[in-house]
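A quick write-up on the structure given underneath.
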Amino acid sequence: MSLILLIEQVLNGLQFGVMLFLMAAGLTLIFGVMGLINLAHGSLYMVGAFAAAAVAGLTGSFVLALLASLIAAAAAGALVELLVIRRLYDRDHLDQVLATFALILMFSEGTRWVFGSFPLFLDIPAALAQPVSLPGGILYPAYRLLIIAIGLAIAVGLFQLIARTRIGIQIRAGEADREMIAALGVDISKLYTLVFALGAALAGLAGALVGAIQSVQVGMGEPVLILAFVVIVIGGIGSIKGALVGALLVGLTDTLGGVLLPPLFATFMEASSASSVGSSLASMSIYILMAAVLLYKPTGLFGSTT
Amino acid sequence: MSFLQLRGVEAFYGPSQALFGVDLALEEGEVCALMGRNGMGKSSTIKVICRLLKEARGTVEFAGQDLTRLPPHRAARTGLGLVPEGRRCFAPLTVHENLIAAARPGPWDFARVCKLFPRLGERRDQVAASLSGGEQQMLAIGRALMTNPRLLILDEATEGLAPVVRQEIWSALATLKREAGLSLLVVDKSLAELRAVADRAVILERGSTVWAGPMGDLAASVADRYLGV
Amino acid sequence: MIQRETLINWALFALLPATALIALWMDEPFIITLATKVAILALAGVGLNIALGLGGLVSLGHAAFFGIGGYAMGILASHAQSYAPLMQTPVLIEGTTSMPVIWLVAILASALAALAIGALSLRTTGVYFIMITLAFGQMLYYFAISWPAYGGEDGLSIYVRNGFPGLNTLDPIQFFAVAFVVLAAVLFFAGRLARAPFGLALAAARQNPERVETVGLAPYRLRLVAFVLSGAVTGLAGALFADLNRFVSPTMFSWQMSGEIMIFVILGGVGRLFGPVAGAALFILLEHVLGGLSDYWHVYLGGLLLLVVLFARGGMIGLAAGREVAHD
Amino acid sequence: HEGGVKVGMITTLSGGGAGLGIDVRDGFMLAAKMAGNDKLEVVIEDDQRKPEIAVQLADKMIQSEKVDVLTGIIWSNLAMAVVPAAVAQGKFYLSPNAGPSQLAGKGCNPLYFNVAWQNDALHEAAGAYASDTGYQNTFILAPNYPAGQDALTGFKRFFKGEPAGEIYTQLGQTDYAAELAQIRASGADSVFFFLPGGMGISFLKQYASSGIDLPVVGPAFSFDQGILQAVGEAALGVKNTSQWSKDLDNAANVEFVAAFEAEYGRLPSLYASQGYDTANLLLSAMGKADVKDADAFRAALAEADFASVRGDFKFGTNQHPVQDYYVREVIKEGDVFTNKVIATSLTDHVDAYAAECSY
Amino acid sequence: MTEPLLQIKHLRKAFGALVATDDVSLTLYPGEIHALIGPNGAGKSTLIKQIAGNLAPDAGEVWFEGRDVTPLSTVERARAGLGRTFQISSLAMDYTVLQNAVLGALGRRGTVWRFFRPVMRDADLRARAEAALHRVGLMDHAHKRTADLSHGQRRLLEVAVALTLNPHVFLMDEPMAGLGASGSKRLTGFLDDLRHEAPILLVEHDMDAVFALADRISVLVYGRIIATGTAEEIRADPLVREAYLGAEDAA
Ligand SMILES: Nc1ncnc2c1ncn2[C@@H]1O[C@H](COP(=O)(O)OP(=O)(O)OP(=O)(O)O)[C@@H](O)[C@H]1O
Ligand SMILES: Nc1ncnc2c1ncn2[C@@H]1O[C@H](COP(=O)(O)OP(=O)(O)OP(=O)(O)O)[C@@H](O)[C@H]1O
Ligand SMILES: [Mg+2]
Ligand SMILES: [Mg+2]
């Protein structure tokens with residue numbers, strides 16, 4: 001494998017990582033900061049993608065489509081929070097699991113009801129459809145560079161929000177002791193609705209951004225959900241920095257595992273079975289990574305030890 | 001009408017009743033001691049006032065407002081500052097974050113709290129979980145002060161504090177009352193100190209008010225009967 | 001005094017064979033099959049409940065044990081069918097179609113897996129534990145999908161159900177009886193376990209591990225034992241499930257399977273002995289009834305589940321039995 | 001009732017992949033409706049794409065509904081779970097979509113008929129087409145599971161050149177940046193891929209903006225009517241292999257396409273055509289024999305005496321289709337993306353496993 | 001002279017720049033109550049944690065009944081006979097009061113690997129648990145859920161659980177905290193008797209109790225022991241008065 005290809009693959013891994021972070025960002029907020037296990041996060045991701053596809057179909061504008069994804073997902077998130085999630089904060093994690101699982105069922109089949117069973121069309125704007133050349137002769141799709149930029153911007157923004165602002169502090173205080181922060185005069189319920197809507201909006205945006213280069217279809221959220229959980233857990237729950245690092249690690253492991261393992265196995269195996277063994281190991285690789293990280297640091301890379 | 005007035009307050013934890021008729025009145029600028037043995041309902045009364053215990057009947061009025069229908073944060077914003085039993089600091093937050101989390105504008109700010117409790121300034125960026133017990137207690141008091149309350153409610157706020165610090169707090173409270181006109185509702189086990197600082201006292205026995213009046217009128221025999229001292 | 005929950009438990013318990021017998025009488029073999037499915041999935045749930053309800057170990061990887069149990073059956077039976085020994089060196093191991101032997105292998109294999117997975121996973125707690133168990137489950141899932149020897153993603157079909165001495169297991173009611181008796185035995189065991197010293201200490205470790213350490217008991221060991229017992233029971237359920245379908249495939253390892261087992265437990269009531277029975281019965285019933293209603297029946301299923309979580313604290317059993325009474 | 005046939009259809013109607021099942025069902029029911037044969041009774045159940053559920057539904061169909069014929073399954077792994085047990089219990093099974101190799105070769109069964117194709121066939125056709133077009137070193141990729149492995153094997157069976165690279169991707173993978181980089185670096189002259197469902201959509205979209213400019217060949221699954229609109233421009237010009245196309249010019253097909261559009265308000269897909277053919281095959285046999293007479297009914301089925309929308313259709317010795325495979329090109333007709341037949345890749349093609357089958 | 005039951009030798013623990021335990025040595029003899037007092041954050045709880053095994057010291061040793069227990073875990077030390085109460089109650093909150101006590105009794109027995117006998121019907125365990133509840137005066141609440149207890153009642157249960165363990169040494173971190181005047185008085189009387197069963201290392205801010213109970217008092221300031229002596233000596237020590245007691249006792 002040539003060096004330039006290797007560099008390109010590392011870049012791909014990083015870019016995949018940023019994409020994962022985009023998916024994980026909203027989840028960190030809801031899961032890490034509000035302490036809520038929200039399995040339906042993938043559904044909000046799907047809602048964003050579908051809203052974007054619908055609006056893009058009607059107006060032909062990608063910018064409007066992104067806007068629609070934000071609004072639709074935020075609205076869905078706020079609604080879900082007000083009607084369901086709100087009653088679950090002081091419940092067991094398990095009740096949250098069941099309730100949000102139920103939400104997945106309703107969202108998925110409801111979307112299928114409205115939009116039909118076939119994938120929808122959502123494409124990137126023509127201006128971003130060509131590759132750009134990077135130093136070293138690497139051709140890289142412009143749209144992916146945009147995703148990297150947006151992902152990093154969100155990372156910085158969220159980090160500031162949570163770590164630096166008073167709202168961030170109040171949210172974290174609420175996670176530690178909801179009753180107490182309310183007794184000090186903070187309207188934690190409203191805050192949580194806002195945070196949930198923000199998390200949902202991020203999920204929706206991710207759905208639209210990623211949906212444009214993948215497929216917009218019912219059930220697109222679930223595999224993403226699992227990956228996003230893996231990312232957050234590796235990074236340490238509640239840590240935005242952790243989520244970013246976790247996402248990059250997972251992205252690199254996944255990409256490089258898929259690229260490097262088959263040829264590695266091919267050195268001592270017959271080519272096509274090496275490819276199959278190597279890639280099955282590659283598909284396990286992020287889970288192996290997660291297990292290894294947790295065995296080494298049981299609360300993730302940047303998780304607090306309490 | 002008094003500044004804080006409770007009439008016939010009853011409260012329930014699910015099926016079991018904890019308060020059976022608590023009456024309490026406190027005037028602005030006064031310090032009221034809420035007394036009673038363990039498990040008699042002092043903390044429950046406080047939780048009713050702050051709307052943390054919602055299964056309750058009876059009236060609770062503060063500064064002319066009926067608190068019984070407000071959500072906890074609205075109740076707090078009428079001017080209640082709570083130092084809860086067991087401290088309940090926000091464990092993963094730093095000292096500074098704990099203090100500014102719910103701060104409201106007023107004379108009390110971070111600098112002033114640090115002047116009252118220098119230790120908190122020293123531990124500014126340490127997370128609350130790793131503070132010593134007494135440091136956490138200071139933090140809880142500071143946190144309540146930062147909301148610039150009109151009525152400060154202290155539930156065993158000197159528990160676990162060294163005698164020197166305790167004395168400091170008592171004198172600080174006395175100053176607050178004298179200079180800032182702050183009202184206080186205090187639960188504490190030290191009768192001697194309560195006698196020194198409180199204007200009036202309310203004694204609870206099995207969830208009801210059994211004695212109420214000016215602190216000076218509290219006879220040793222009554223104290224002995226209900227408080228076991 | 002008999003508590004209300006006990007009464008409900010017995011009623012539930014009697015309902016299952018009653019349904020099967022009525023179905024037999026009405027000549028509706030499929031209903032018997034459904035009852036059998038309920039019994040088996042409930043068994044898996046009872047297994048999970050040992051870890052989850054009693055020990056507070058939220059495992060999202062129990063499909064691993066369910067799948068191992070299933071593949072224990074699939075592998076042994078397929079070798080017996082093809083007369084190809086499983087292993088020749090150092091000792092000859094042949095396939096088998098005898099249920100008791102398969103069960104034993106399934107229990108041992110899944111207990112061993114639970115020991116390994118548990119020993120590592122129990123170093124973490126809370127959500128991290130959920131995720132690391134999920135990770136192990138996913139590893140096995142991907143392994144099963146791409147491992148060609150036993151069918152990969154296609155799975156393995158076993159054309160005839162394995163045998164149980166003295167019974168014709170292909171007869172739905174007889175197979176139901178087998179599954180039901182196993183469930184009853186395990187329920188009895190799990191019930192005793194919860195009240196035994198081990199159960200007391202385990203549940204205390206769930207509530208406050210620091211407390212348990214201070215009285216001189218090691219939470220880690222308590223949990224590991226619970227996890228192994230739990231995995232073994234779920235593995236046994238996996239073997240039975242494979243026999244019910246005469247088929248195994250990697251979907252038994254999927255995280256959705258783990259989720260489903262967990263749903264049975266939560267739906268019925270976490271930590272309640274008969275919770276998984278109620279949960280599995282309700283879920284299968286809904287799936288069966290709603291499935292015919294509309295192409296979009298998942299919407300209704302989701303709605304019903306949501307109602308249960310929001311308004312039935314403590315699951316179905318909790319709803320029926322009222323506020324939990326601490327028993328000592 | 002006398003001469004009647006009860007059909008149990010187990011197919012995927014909810015969750016991921018429901019579109020395929022719905023099309024098979026709609027095609028099948030359209031044919032039944034058009035025939036107006038009141039002796040055909042159909043029970044339909046949703047397998048949710050879970051093999052265990054499919055097995056249990058088959059039990060239900062056989063034990064409670066007492067059906068004579070089973071059909072409907074979309075996925076090979078579900079077929080492998082259901083078919084062997086069903087035929088062992090004396091039920092006919094007509095496959096409208098999946099054709100795993102085991103059931104075509106050693107595991108063939110007189111009661112099992114495949115009305116679609118053996119799984120390898122479309123890939124073989126693609127391999128043959130690639131060679132015919134003069135491609136020397138095609139880059140090939142598929143997901144890492146049995147059907148994916150069969151796909152690459154099938155392609156290579158008829159491909160005379162040397163693959164420039166061979167990759168198994170993860171099942172369900174959605175990001176193909178790494179694979180695209182490998183393709184670009186490989187020096188291949190063309191690309192063949194088998195990535196069903198959303199995987200194919202993702203791949204093609206990312207391919208289109210990657211700057212790689214190699215011709216693409218694939219089996220029809222990623223370019224079928226239901227999915228093409230989601231891929232959009234990125235699919236234009238791609239060659240794909242299929243045994244059917246909307247524009248095949250035979251009377252049966254013209255009637256089918258028109259009737260389907262009229263009935264459901266959308267263009268028919270490959271799967272709809274297969275469901276339609278399956279029903280017509282069954283109806284043709286019903287006209288000749290009673291299903292209770294298994295041998296006679298089987299003989300009637302084997303004659304395949306119906307007007308297939310694919311044109312010529314007959315069964316081989318293993319009761320799998322012997323048929324032509326076409327090459328289609330993705331085009332845009334007005335606003336809709338669709339396919340146009342441009343060549344025939346294999347004629348009267350017999351699958352690779354037929355020889356292994358003996359009853 | 002008799003051997004000390006518990007001996008701490010040159011213990012040291014730092015959290016970053018903060019030295020919480022600074023070369024602390026300490027002894028506890030049979031039959032005595034040794035009180036440990038000091039300002040908030042002086043390192044008392046940190047010291048108790050190191051003795052009980054929750055926290056590993058950076059240097060130094062803990063000797064118990066003539067052997068070095070420094071390498072042992074919390075569980076092993078508890079089994080060896082170190083009974084501890086927490087500054088902030090640490091109980092199984094969903095359990096009844098009795099169940100918490102039985103848990104202690106079970107820990108004392110040591111074997112939990114019984115999967116069948118109902119534990120709450122085990123007469124021996126129950127008797128031991130009930131006796132402990134009696135002694136602290138919680139028997140009336142035996143069947144209440146621990147979460148439903150008031151703060152002070154939980155403090156008592158904390159002591160009761162330690163009693164069921166029959167430890168050879170008690171480590172008590174502020175047992176009086178949260179008890180009212182009457183409760184403190186009662187517990188003081190009770191601890192006075194308890195010292196004959198096993199000596200107590202007592203951390204407490206309640207000076208009435210400390211001066212009433214302690215045979216010896218050590219004063220910890222900034223992680224260092226600045227004085228050890230009898231109640232009178234400590235009361236009179238000007239350093240201690242300044243650092244800890246303040247004006248209180250001057251009155
Ligand atoms: N969360 C709860 N659930 C049920 N019962 C409770 C709860 N908290 C307190 N109780 C009961 O209510 C009664 C009053 O308790 P409360 O905490 O108000 O007493 P207190 O006077 O503050 O006692 P202490 O001095 O011990 O803190 C007690 O009998 C207690 O058992
Ligand atoms: N994990 C930790 N990280 C950093 N500092 C810590 C940690 N644990 C304790 N400390 C600090 O060490 C000092 C000693 O704490 P410790 O809890 O032992 O005090 P204490 O003497 O028990 O005080 P109190 O009487 O208030 O309970 C405190 O200043 C505390 O902030
Ligand atoms: Mg109280
Ligand atoms: Mg302390």
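Naming convention: chains lettered A, B, ... in sequence-line order (proteins, then strands); numbering from 1 in each chain. All of these numbers come straight from a predicted model, not from anything done at the bench. All heavy atoms count here, side chains included; hydrogens, waters and symmetry mates do not.
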Note to self: Quick check: under 4.5 Å, non-hydrogen atoms only, which of residues 69-83 of chain B neighbour chain A?
What the structure shows: B:P72, B:H73, B:A76, B:R77, B:L82
Item checked: Residues from residues 99-128 of chain B approaching chain A under 4.5 Å (heavy atoms) -> B:I100, B:A101, B:A102, B:A103, B:R104
Note to self: Return the CG to CG distance between B:L182 and B:L151, rounded to the nearest 0.5 Å.
What the structure shows: 7.5 Å
Notebook entry, point to check: How far does CD of B:E159 sit from CG of B:L161, to the nearest 0.5 angstrom?
Noted result: 8.5 Å
Notebook entry, point to check: With a cut-off of 6.0 Å (strictly less than), are more than 12 heavy atoms of other residues, nucleotides or ligands near CG of A:L295?
Noted result: yes
Next item on the list: Output, in order, the C-alpha distance, side-chain angles, deciding distance and verdict of side-chain contact (heavy atoms from CB on, under 4.5 Å) for A:I169 and B:F90.
Entry: CA-CA 10 Å; A:I169 293 171; B:F90 303 120; over 6 Å; no
Margin query: How long is the straight-line distance from CD1 of A:I148 back to CD1 of A:I150, given to the nearest 0.5 Å?
Written below: 11.0 Å
Checklist line | Interatomic spacing from OG1 in A:T28 to CD1 in A:I162 - rounded to 0.5 Å | finding: 9.0 Å
Note to self: Looking only at the side chains, is there a donor atom on one of B:D188 and B:S190 sitting less than 3.5 Å from an acceptor on the other?
What the structure shows: no
Note to self: On the six-membered ring of B:F3, is B:R150 placed so that its NZ or CZ lies under 6.0 angstrom from the centre and within 45° of the ring axis?
What the structure shows: no
Checklist line | Between B:S2 and B:E27: side-chain donor-acceptor atoms closer than 3.5 Å | finding: yes
Check: What residue among B:D23, B:L67, B:L24 forms side chain to side chain contact (heavy atoms under 4.5 Å, CB included) with B:L6?
Finding: B:L24
Check: Would A:F302 and A:L244 satisfy side-chain contact (heavy atoms from CB on, under 4.5 Å), going step by step from the backbone distance to the final call?
Finding: CA-CA 10 Å; A:F302 294 90; A:L244 185 60; over 6 Å; no
Next item on the list: Could you please state which residues from residues 170-185 of chain A sit under 4.5 angstrom from chain B, measuring non-hydrogen atom to non-hydrogen atom, sorted by number, or 'none'?
Entry: A:Q170, A:R172, A:A173, A:A176, A:D177, A:E179, A:M180, A:I181, A:A182, A:A183, A:L184, A:G185
Margin query: Checking an interface table here. Which of residues 48-60 of chain B come within a heavy-atom distance under 4.5 Å of chain A?
Written below: B:L52
Checklist line | Heavy-atom closest contact (A:L44 atom, A:A203 atom, distance) | finding: CB-CB, 4.1 Å
Next item on the list: Drop me the distance from A:M23's CE to A:F229's CZ, to the nearest 0.5 angstrom.
Entry: 14.0 Å
Next item on the list: Heavy atoms only: give me the nearest B:G29-B:D199 pair and the separation to one decimal.
Entry: O-OD2, 4.3 Å
Note to self: When you compare the side chains of A:S189 and A:Y89, does any donor N or O come within less than 3.5 Å of an acceptor on the partner?
What the structure shows: no
Next item on the list: Would you check if A:M19 and A:L209 make a side-chain contact, meaning some heavy-atom pair closer than 4.5 Å?
Entry: no
